[in-house]
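All remarks here apply to the structure that follows.
Everything numeric in this text was worked out from a predicted model, so none of it was measured. Just so we're on the same page: letters track the sequence lines, and every chain starts at 1.
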Amino acid sequence: MTNSIREIEGNEVIFIIGSNTKETHPVIANRMIKAYRNGAKIIVADPRRVPMTRFSELFLNLKPGTDVALLNGIAHVILKEGLHNKEFINNRTEGFDEWKKSVEDFTPDYVEKITGVDRGDIIKAAKLYGSSQRAGIFYTMGITQHTCGTDNVNAVANLALITGNIGKPSAGINPLRGQNNVQGASDAGCMPNVYPGYQRVDLPDIKHKFESAWGASLSPHAGLKSTEMIPAALDGKLKGLYIMGENPVITDPNIEHTIKALNAVEFLVVQDIFMTETAELADVVLPAACFAEKDGTFSNTERKVQRVRKAVIPPEEARDDISIIMELSKRLGYNMEYNSPEEVFEEFGKVWPALAGITYGRIEKHGIQWPCPTKNHPGTTYLYKGGFPRGKVHFTPTAYTPPAEITDSDYPFILTTGRNLFQYHSGSMTRRVKPIETHAGEPYVEISPSDAKGLDIKDGDMVKVISRRGNIKIKARVTKKASKGVIFIPMHYSEAAANMLTNDKALDKHAKTPEFKVCAAKIEK
Amino acid sequence: MKKLKVTIDGKTIEVPENTTVLDAARMLDIQIPTLCHHPKLTPFGGCRLCIVEIKGIPRPVTSCTTPVSDGMEVTTSSPQIEDLRKTVLELILSDHPNDCMVCEKAGDCTLQELAYFYGIRENRFGGERRVYAKRDGNPFIERDMEKCILCGRCVKVCDEVQGVGAIDFTYRGFKSKICPPYEKDLNCEFCGQCVAVCPTGALTGKQWSLRGRQKDIKEIDTTCPYCGTGCNITLHVRRNEVVRITSREDTWNEGWLCVKGRFGYKFINSPDRLKKPLIRIKDRSNSLNDIFREASWDEALDYIATRLNEIKSKHGADAIGGLSSARCTNEENYLFQKLMRAAVGTNNVDHCARL
Amino acid sequence: MNKNITIQVCMGTGGIAAGGLEVLDAFESLMKEKNIPAEFKKECSMHKVGCRGLCARDVLVDVIADNRRTIYQYIKPEMVERIVDEHVVGGNPVSEWQVDEDYHKFHEKQVKVVLSDCGNIDPEDINAYMAVDGYKAVEKVFTSMTPEEVIDMMKKSGLRGRGGAGFPTGVKWEACRKAEASQKYIICNADEGDPGAFMDRAVIEGNPHAVIEGMVIGAYAIGASKGYVYIRAEYPLAVERLKKAIKDAKERGFLGKNIFGKGFDFDIKIKLGAGAFVCGEETALIASIEGQRGMPRAKPPFPVHRGLWGKPTVINNVETLANIPYIIKKGHEWFSSYGTEKSKGTKVFALTGKVKNTGLIEVPMGITLREIIYDIGGGIEGGKALKAVQTGGPSGGCITPDMLDINVDYESLAKVGSIVGSGGMIALDEDDCMVNVAKYFLQFTQSESCGKCVPCRIGTKRLLEIMDRITKGSGRQGDIELLEKLSSDIKAASLCGLGQTAPNPVLSTIKYFREEYEAHLQGKCPAKACREMLTYHIIEEFCKGCGACLRACPAGAITGEKKKPHKIAPEICIKCGACFDVCKFKAVGKE
């Protein structure tokens with residue numbers, strides 16, 4: 001997030017696109033509701049009638065995968081109405097004129113045809129967002145999990161740029177991160193192309209800096225992304241895989257494919273707190289400590305570093321990950337010696353200046369948002385206050401490209417996947433919580449009343465959902481939440497796993513994010 | 001903003017417009033008892049405990065609902081006021097089970113606390129007590145409406161903060177009751193905000209039952225392990241078990257949580273937890289017959305090191321990959337990538353940001 | 001001669017219940033059948049009118065011929081033909097069906113302002129209202145008065161809220177006028193909920209346009225563009241007439257856009273209450289209009305500053321609003337010529353209980369209670385002794401016979417521990433147990449408490465429990481003192497007017513009839529009204545052994561042979577009183 005969760009209550013306009021905030025980020029939704037009570041106007045753009053629509057001034061019920069068209073269309077109207085912030089565009093951006101041409105074709109009529117959103121609503125949304133000086137955009141995987149995910153993100157950014165809704169409080173571009181420390185894992189350099197703090201591995205200066213800091217020689221080229229490791233395993237290029245706290249069998253697209261790949265790996269180590277579907281395939285399984293059993297920090301979606309504290313001791317011989325990694329490293333001939341997580345954190349701060357000012361002492365009670373370069377820096381609640389790090393920011397034109405797999409007479413439905421309020425990700429934690437299982441323990445497919453009627457499906461019927469990858473048997477939930485032609489399956493349930501059906505071949509060309517949000521499917525009774 | 005001068009119990013303070021008498025008193029560290037008031041919710045004025053005397057107003061008024069006006073003179077405690085508060089408390093307790101001995105909330109209950117400070121041993125107003133046979137069948141929240149004092153906090157938090165409105169006041173008079181429509185079982189988002197703001201034992205977590213009361217509990221502040229919002233939570237620990245999760249009102253998330261954050265903690269003590277390192281014993285004829293055997297840490301780690309070194313020497317470091325976790329701490333992630341890069345020698349390290 | 005004849009049939013809810021519709025039907029069909037206009041050259045107009053007060057004598061029918069009004073009482077459809085034949089055609093009123101002296105005495109001391117057109121005009125006909133100068137007040141205000149002048153006139157008139165609290169209307173309007181806001185509201189409170197009260201219903205049923213006219217003037221004075229009438233759903237006829245009146249007024253341009261071309265818009269919506277007494281409390285009423293549960297909110301802030309949807313709002317009672325057109329038309333001096341120094345004008349009361357003439361009355365403020373009970377009410381029925389007059393409904397108190405010369409106005413009634421309230425007035429005689437009367441009102445307020453605040457929700461319940469045990473003979477020593485203490489705490493600590501006044505009937509009866517409470521604690525109900533405290537026995541010398549009591553007894557407590565004195569077994573008797581009621585020989589005694 002460029003901005004902070006607390007700032008939301010000061011927003012005039014909240015534009016939620018591709019985020020089921022009320023279910024996936026309920027406490028952020030509380031802030032939005034607070035803003036709503038203060039008079040903020042909420043726009044929701046989503047293929048599903050998600051619960052936040054209860055508070056929305058405007059609900060743009062777009063077809064899955066047509067976000068670029070919608071966002072370009074909104075930009076088109078903002079320009080046409082003259083609502084763009086000329087001063088901001090002149091002073092802080094470049095490439096405006098070229099980009100402007102790229103949205104010229106996206107008239108409300110044209111966008112209505114692509115997205116299915118009423119042209120009047122597109123204009124209303126543009127006026128609402130475009131006339132506000134305190135407007136923030138909020139999105140999650142509904143934007144990123146597409147073959148055009150990077151374009152989607154750029155289209156979102158362009159909207160913020162033309163209206164100048166960035167670099168100030170209660171505005172910004174705000175991806176809501178789905179996992180407790182997905183921000184931190186990225187910050188810490190668990191990415192194949194960057195070291196901690198997003199410092200590129202392919203830049204020699206940076207490599208030297210880390211080599212001297214770590215006392216080891218490092219690889220000069222970027223590694224494989226997770227979605228590239230799976231095919232590499234099948235190709236025989238990847239022989240050994242060490243997985244710490246992930247369950248790709250359930251969370252990656254096309255489960256059969258993932259299992260095949262993990263079986264193809266010569267040596268698989270899985271370190272986890274439960275015998276997950278992925279751990280079942282491992283050669284060695286290491287028992288780890290869970291969040292309540294260790295000290296450390298998490299960084300939330302607004303870049304806030306907060307303390308994690310040990311409250312209980314791990315069961316039997318389970319160990320925290322730090323001690324496991326240190327022990328293994330030693331055995332691999334590279335000594336890592338830390339007396340506490342705090343020492344690790346201090347080292348992290350030494351290699352990444354944005355974290356340098358944060359200490360355990362300073363975040364004892366309240367977290368601090370990076371960048372926080374010095375010990376007396378208060379942290380940064382919103383980014384780009386004085387300008388962008390690289391001077392002027394460039395407009396990136398975004399063309400509309402349809403999803404990789406489109407519906408046809410064999411597979412007439414668009415399947416989209418995601419989370420529900422009660423379960424979490426692969427379910428390894430929540431599915432072991434009895435009340436949650438009692439209340440929301442059963443997989444289901446959401447289908448619109450009109451589609452259900454057409455297929456003679458009643459609420460609660462067992463149906464078979466089939467894609468080109470596989471099929472699952474699952475209970476039908478007939479609900480107005482689903483739009484006509486679009487069905488939804490939550491990802492959490494291994495017994496009827498949505499990812500049996502999803503498309504592993506469709507990845508965003510830059511980020512390699514799978515297109516979980518669109519694949520073609522059919523339903524049989 | 002306009003500042004208003006108010007004198008409370010002889011102490012004077014300047015406060016912004018629209019400050020309530022109660023808030024002004026709290027700024028002066030003057031204690032006024034309350035039950036229905038909650039700082040994050042709109043004032044209610046139902047419990048009548050926070051009544052004060054204001055010069056020029058003939059009857060006592062509730063400090064939680066009365067805005068300060070310039071030059072106002074307030075008395076928060078007088079024999080008449082204390083006497084009225086005592087009557088109100090006695091009335092509440094006359095319609096309360098008073099079974100503190102077996103109540104989950106004992107020791108952490110505002111009503112109990114007030115009864116103690118007002119020394120209510122005898123009750124002049126014994127009489128009929130509301131008795132409800134039916135229990136709410138939802139799996140998360142125990143709703144013991146006999147203990148409900150109708151302070152309305154749950155109703156307001158559900159509407160104002162959560163935007164759900166799953167419950168409201170129903171019936172009239174002595175029979176007034178807070179419940180879901182048609183007295184059905186609660187079926188809502190189960191965020192438990194209502195539980196968090198309940199001043200008595202009327203609303204508690206079903207999982208908390210008989211797991212220990214406040215006096216036995218150690219509280220540890222930490223961060224929620226679920227979504228990226230990063231709510232601040234407090235683990236309540238008794239005998240090496242997390243028995244309850246709450247969130248403090250002074251956290252950035254204002255004490256609000258969701259169903260997973262508040263009620264989704266039992267996995268910690270799940271019998272399914274991995275407890276020992278395991279090594280696969282392969283059945284060469286049929287991989288379905290593979291089994292795991294327990295191993296010591298030394299054996300498991302030595303084995304991993306050997307195998308990884310073998311691959312590295314045969315195929316190079318880039319034949320090894322590592323997937324880290326968006327669930328683990330910054331420190332663990334930092335060390336994991338350092339392990340892959342410095343110890344193994346590859347940049348093949350990633351995590352599930354995209355999933 | 002006899003060219004123009006007007007027939008008016010009372011068609012308030014009371015009139016309709018007594019058969020008013022059928023009576024009017026009978027007139028209409030007979031006129032046609034007998035072809036009166038053609039045959040006898042007589043122009044007859046027939047219409048329904050609103051309540052005229054003495055509902056006990058419905059159906060009341062007025063025949064106006066030769067400018068002479070003849071009033072018939074207790075008219076049934078089958079009696080119509082004779083009236084038509086003898087009076088309408090023959091010109092000779094049917095004397096034995098005319099109202100008697102009492103009827104005239106009932107009206108003699110009344111002064112009708114609010115009710116002046118009620119009972120004379122057809123409430124469903126805007127022309128009828130306009131024929132009696134209806135909407136002339138609006139015209140005057142819009143064409144010749146500033147809002148400030150209107151407010152000034154209200155202040156000078158001394159009009160005070162008729163809903164109970166008696167707050168000066170002009171002052172209320174002025175506060176709302178001065179509040180700065182983009183939107184303001186005026187609400188007519190027609191949620192008349194006191195048991196036995198029907199003043200507001202009668203006004204709306206009898207003259208709805210007066211209320212609307214009052215609202216338009218109020219809206220103009222405070223600057224409100226929207227108004228609501230919050231009215232009980234239990235008043236279907238009033239709602240129906242109000243709806244029609246609003247529609248007609250809109251058609252004539254008295255409501256809607258640009259009234260009298262002055263660029264002032266005002267519209268009225270009707271909001272039906274769902275039968276909660278507490279919604280008569282103004283903040284609860286506001287919550288109810290907003291779609292919330294009708295629970296009162298703490299004051300301050302007062303509605304004139306933060307009312308409906310948080311906007312400045314004036315809430316006036318029906319009777320208050322109905323006064324306004326008359327004040328505007330006739331001047332504040334005229335209005336304030338009625339009443340006492342601080343209570344001006346008239347007040348409508350619903351006179352009920354043990355008086356001979358029960359019904360709706362309008363009297364000048366300051367009239368004595370004696371005049372109301374004995375002159376208007378015709379005294380106590382059956383020659384029994386007056387024991388007390390209860391005023392102000394469930395929030396009110398009792399006045400004893402020794403205080404009958406008290407002036408009926410806000411101050412004087414408050415001085416003796418009662419209130420004017422919305423206008424309930426109940427006469428009680430020696431058969432009424434004062435403890436029981438207080439319990440009755442308390443039962444009502446307890447069950448109508450909204451449940452929000454502790455003193456009202458639980459406190460009144462505890463009061464009621466104590467009252468209950470006293471009337472059942474199981475009162476304890478100290479109960480009277482406990483009632484007094486709890487009552488005063490409830491009054492002091494409750495949130496809204498409901499709780500703050502709920503103990504009044506208890507405190508007032510203890511104050512004036514403490515000995516009755518004490519007698520109950522001794523096991524006696526002096527009025528012999530508390531059944532549970534009585535014992536029934538057969539008085540042998542009167543008993544004829546007819547067996548009626550034996551057959552009536554649901555508990556089988558009575559035994560005896562035919563024609564011989566029967567016996568009641570006290571251990572089986574459930575004290576239902578059935579034997580007492582059936583015995584023709586006064587042979588069942590109760591003590």
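Using cut-offs of 30° and 60° on the angle between ring planes, the pair Y303(B) and F267(A) is perpendicular.
T438(A) approaches P139(B) most closely through the heavy-atom pair CB-CB, 4.0 Å.
W256(B) contributes no side-chain N or O that, together with a main-chain N or O of P26(A), makes up a donor-acceptor pair within less than 3.5 Å. One N or O on the side chain of K260(B) and one on the backbone of L421(A) form a donor-acceptor pair closer than 3.5 Å. Although no hydrogens or angles enter the test, the distance criterion places no donor-acceptor pair under 3.5 Å between the side chain of N348(B) and the main chain of P192(A). At least one donor-acceptor pair closer than 3.5 Å links the side chain of S325(B) to the backbone N or O of G245(A). Judged by distance alone, with hydrogens and angles left aside, the side-chain atoms of N240(B) form a donor-acceptor pair with the main-chain N or O of I313(A) at under 3.5 Å. The backbone N or O of V27(A) sits nowhere less than 3.5 Å from a side-chain atom of T229(B) that would complete a donor-acceptor pair. Side-chain atoms of N347(B) never come within 3.5 Å of backbone atoms of G223(A) as a donor-acceptor pair (strictly under, hydrogens ignored). For Q306(A) (side chain) and G230(B) (main-chain N/O), a donor-acceptor pair under 3.5 Å exists by modelled atom type.
The shortest side-chain heavy-atom distance between V344(B) and Y334(A) does not fall under the 4.5 Å cut-off. Counting only heavy atoms from C-beta outward, the side chains of E317(A) and K275(B) never approach each other to under 4.5 Å.
The most heavy-atom pairs under 4.5 Å with chain B, out of L281(A), N335(A), D508(A), come from L281(A). Across P220(A), A233(A), A216(A), G240(A), the residue that shares the most heavy-atom pairs under 4.5 angstrom with chain B is G240(A).
Both the backbone and the side chain of D250(B) have a heavy atom closer than 4.5 Å to some heavy atom of chain A. Heavy atoms closer than 4.5 Å to chain B are found in both the backbone and the side chain of D283(A). Using a 4.5 Å cut-off between heavy atoms, M429(A) contacts chain B through both its backbone and its side chain. Neither the backbone nor the side chain of N269(B) comes within less than 4.5 Å of any heavy atom of chain A. Both the backbone and the side chain of V164(B) have a heavy atom closer than 4.5 Å to some heavy atom of chain A. Contacts of Q193(B) with chain A are made by side-chain atoms alone, with heavy-atom separations under 4.5 Å and no backbone atom involved.
Screening T223(B), N330(B), T329(B) for a side-chain hydrogen bond (donor to acceptor under 3.5 Å, both in side chains) with T297(A), the sole residue that qualifies is N330(B).
For the 3.5 Å distance criterion, the side chains of D318(B) and H221(A) qualify, holding a donor opposite an acceptor. Side-chain contact of N180(A) with R327(B): a donor-acceptor pair under 3.5 Å is present, judged by distance alone.
Between Y242(A) and F336(B), the gap from one ring centroid to the other is short of 6.0 Å. Ring centroid separation for the pair Y424(A) and F267(B) does not come in under the 6.0 Å cut-off.
A salt bridge between E293(A) and R273(B) is present, with a side-chain N of the basic residue lying under 4.0 Å from a carboxylate O of the acidic one. For the pair D221(B) and K365(A), the salt-bridge criterion is not met [side-chain N within less than 4.0 Å of a carboxylate O]. Using a 4.0 Å cut-off between charged nitrogen and carboxylate oxygen, K338(B) and E347(A) count as a salt-bridge pair.
In this structure, R341(B) fails the cation-pi test against W214(A), since its NZ or CZ atom is not both closer than 6.0 Å to the six-membered ring centre and inside 45 degrees of the ring normal.
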Walk me through whether D272(B) and R432(A) qualify under salt bridge (charged side-chain N to carboxylate O under 4.0 Å, His left out). CA-CA 8 Å; D272(B) 294 353; R432(A) 287 179 170 88; 2.9 Å; yes
Carefully, step by step, assess H351(B) and S226(A) under the rule side-chain hydrogen bond (donor to acceptor under 3.5 Å, both in side chains). CA-CA 7 Å; H351(B) 71 285; S226(A) 64; over 6 Å; no
